[in-house]
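Report on the structure given below.
As a basis for the values below, the full set of heavy atoms in this structure was taken, side chains included, without hydrogen atoms, waters or symmetry mates.
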Amino acid sequence: MTSTAKKTSHQSESTRPQEATKLLRADHKLVNTLFLQYESSRSKEKKKALIEQICQELIVHAQIEEEIFYPKVQTALNDTELVPEARVEHETLKHLIAQLEDGEPGDEEFEAKVKVLSEYVKHHVREEQKEIFPKVQNSKLDLEELGAELAQRKEELKDGSGNI
């Protein structure tokens, strides 16, 4: 295969919709990276920008899961435990995010809330990836179609055409 053929084949792969759990895993990875950058930053301005980005990413991610992913997963898996627990965890995350809006990096209470948010997100991600995602991947859900739906809604929320 020539390098041109490889590029064409790669390009067609990238235009296909991303499978739902891969899209959500990519969100998880991005937020984890942002938390690591926050922890290593010494600049209050940089930390403020990072926490704003983290909160925005988490709000959008939670909304697409709650609107699209969780209802379909709950139905497909006939789940009465994992999805309700994930929803409750989202409520706690939103509560912490709301508290961060009024604080400033460097303040002890603010830093404690960021730390708790980070740990809580890691816990939530671990549960999703180890408990929910494997069951979803073994379900009859069309994960490509679901991924396309998640990506479209995520784009609407980020560009402002969808209400958060």
Side-chain angles (χ1 to χ4, degrees), residues 7 10-11 13-70 72-73 82-137 143-144 146-164:
K7 282 182 187 171
H10 179 68
Q11 287 169 344
E13 281 179 30
S14 65
T15 57
R16 278 197 320 231
Q18 193 173 25
E19 185 261 332
T21 60
K22 286 184 180 171
L23 181 143
L24 297 173
R25 283 178 196 273
D27 285 357
H28 294 163
K29 186 175 182 178
L30 171 62
V31 169
N32 185 56
T33 299
L34 293 170
F35 272 121
L36 292 172
Q37 289 174 8
Y38 182 92
E39 290 168 16
S40 66
S41 180
R42 298 290 162 247
S43 159
K44 283 185 180 182
E45 293 78 21
K46 176 79 172 159
K47 285 181 125 178
K48 184 76 170 168
L50 283 166
I51 202 62
E52 286 172 6
Q53 186 180 359
I54 288 166
C55 291
Q56 184 62 29
E57 293 291 338
L58 289 172
I59 289 166
V60 169
H61 180 84
Q63 187 156 342
I64 66 172
E65 283 187 331
E66 291 168 12
E67 286 180 9
I68 300 166
F69 187 71
Y70 289 163
K72 290 187 178 190
V73 167
L82 295 173
V83 172
E85 182 181 334
R87 284 191 178 112
V88 170
E89 288 175 351
H90 278 192
E91 288 304 314
T92 302
L93 292 171
K94 290 176 194 173
H95 182 69
L96 277 168
I97 288 167
Q99 290 179 29
L100 289 170
E101 290 175 3
D102 298 326
E104 287 294 322
D107 175 62
E108 283 180 21
E109 184 107 355
F110 184 88
E111 294 300 328
K113 288 174 183 174
V114 171
K115 179 85 170 152
V116 169
L117 180 64
S118 173
E119 290 172 356
Y120 207 80
V121 167
K122 287 175 187 162
H123 163 81
H124 178 73
V125 164
R126 203 169 25 255
E127 282 191 348
E128 270 190 355
Q129 293 186 173
K130 298 236 186 268
E131 296 179 36
I132 296 175
F133 289 3
K135 289 181 179 183
V136 167
Q137 289 169 327
L143 296 181
E144 296 249 336
L146 184 54
E149 199 176 335
L150 291 169
Q152 179 182 349
R153 183 62 177 138
K154 185 175 173 181
E155 192 60 37
E156 291 169 2
L157 292 168
K158 285 191 166 202
D159 75 12
S161 65
N163 296 329
I164 293 183

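For the residue pair Pro105 and Tyr38, the shortest heavy atom distance occurs at CB-OH, 3.9 Å. Glu89 approaches Tyr120 most closely through the heavy-atom pair O-CE2, 3.5 Å. The minimum heavy-atom distance between Gly147 and Leu23, with the atom names listed, is O-CD1, 3.8 Å. Scanning both residues, Arg42 and Glu39, for their nearest heavy atoms gives NH1-O, 3.6 Å.
In this structure, Gln137 and Glu19 have side chains that are in contact, with non-hydrogen atoms separated by less than 4.5 Å. Residues Leu24 and Leu150 meet the side-chain proximity criterion, which asks for heavy atoms closer than 4.5 Å. Between Val88 and Glu85, every side-chain heavy-atom pair lies at or beyond the 4.5 Å cut-off. Looking at heavy atoms from C-beta onward, Gln129 lies in side-chain contact with Arg25 at the 4.5 angstrom threshold. Residues Val31 and Asp27 form no side-chain contact, since every pair of their non-hydrogen atoms from C-beta on lies 4.5 Å or further apart. Residues His28 and His61 form a side-chain contact, since some pair of their non-hydrogen atoms from C-beta on lies under 4.5 Å apart. In this structure, the side chains of Ile54 and Leu100 stay at 4.5 Å or more apart for every pair of heavy atoms. Put simply, the side chain of Leu34 reaches to within 4.5 Å of the side chain of Gln37, judged on heavy atoms.
No donor-acceptor pair under 3.5 Å is formed between the side chain of Ser118 and the backbone N or O of Val114.
Defined by atom type and a distance below 3.5 Å, a donor-acceptor pair is missing between the side-chain atoms of Glu119 and His123.
Residues passing the ring-ring contact (aromatic ring centres under 6.0 Å, His included) test with His124 are His90, sequence neighbours excluded.
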When you look at Lys115 and Glu111, which way does the salt bridge (Lys or Arg N to Asp or Glu O under 4.0 Å) test go after all the steps? CA-CA 6 Å; Lys115 179 85 170 152; Glu111 294 300 328; over 6 Å; no

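Residue pairs satisfying the salt bridge (charged side-chain N to carboxylate O under 4.0 Å, His left out) criterion with at least one member in residues 121-133, sequence neighbours excluded, are absent.
Put simply, CD1 on Ile64 and NZ on Lys158 are 9.0 Å apart, with the number rounded to the nearest 0.5 Å.
For Glu45 and Lys48, the salt-bridge test fails: no basic side-chain N is under 4.0 Å from an acidic carboxylate O. A salt bridge is absent between Glu65 and Lys154: the closest approach of a Lys/Arg side-chain nitrogen to an acidic carboxylate oxygen does not fall below 4.0 angstrom. Using a 4.0 Å cut-off between charged side-chain N and carboxylate O, Glu91 and Arg87 make no salt bridge.
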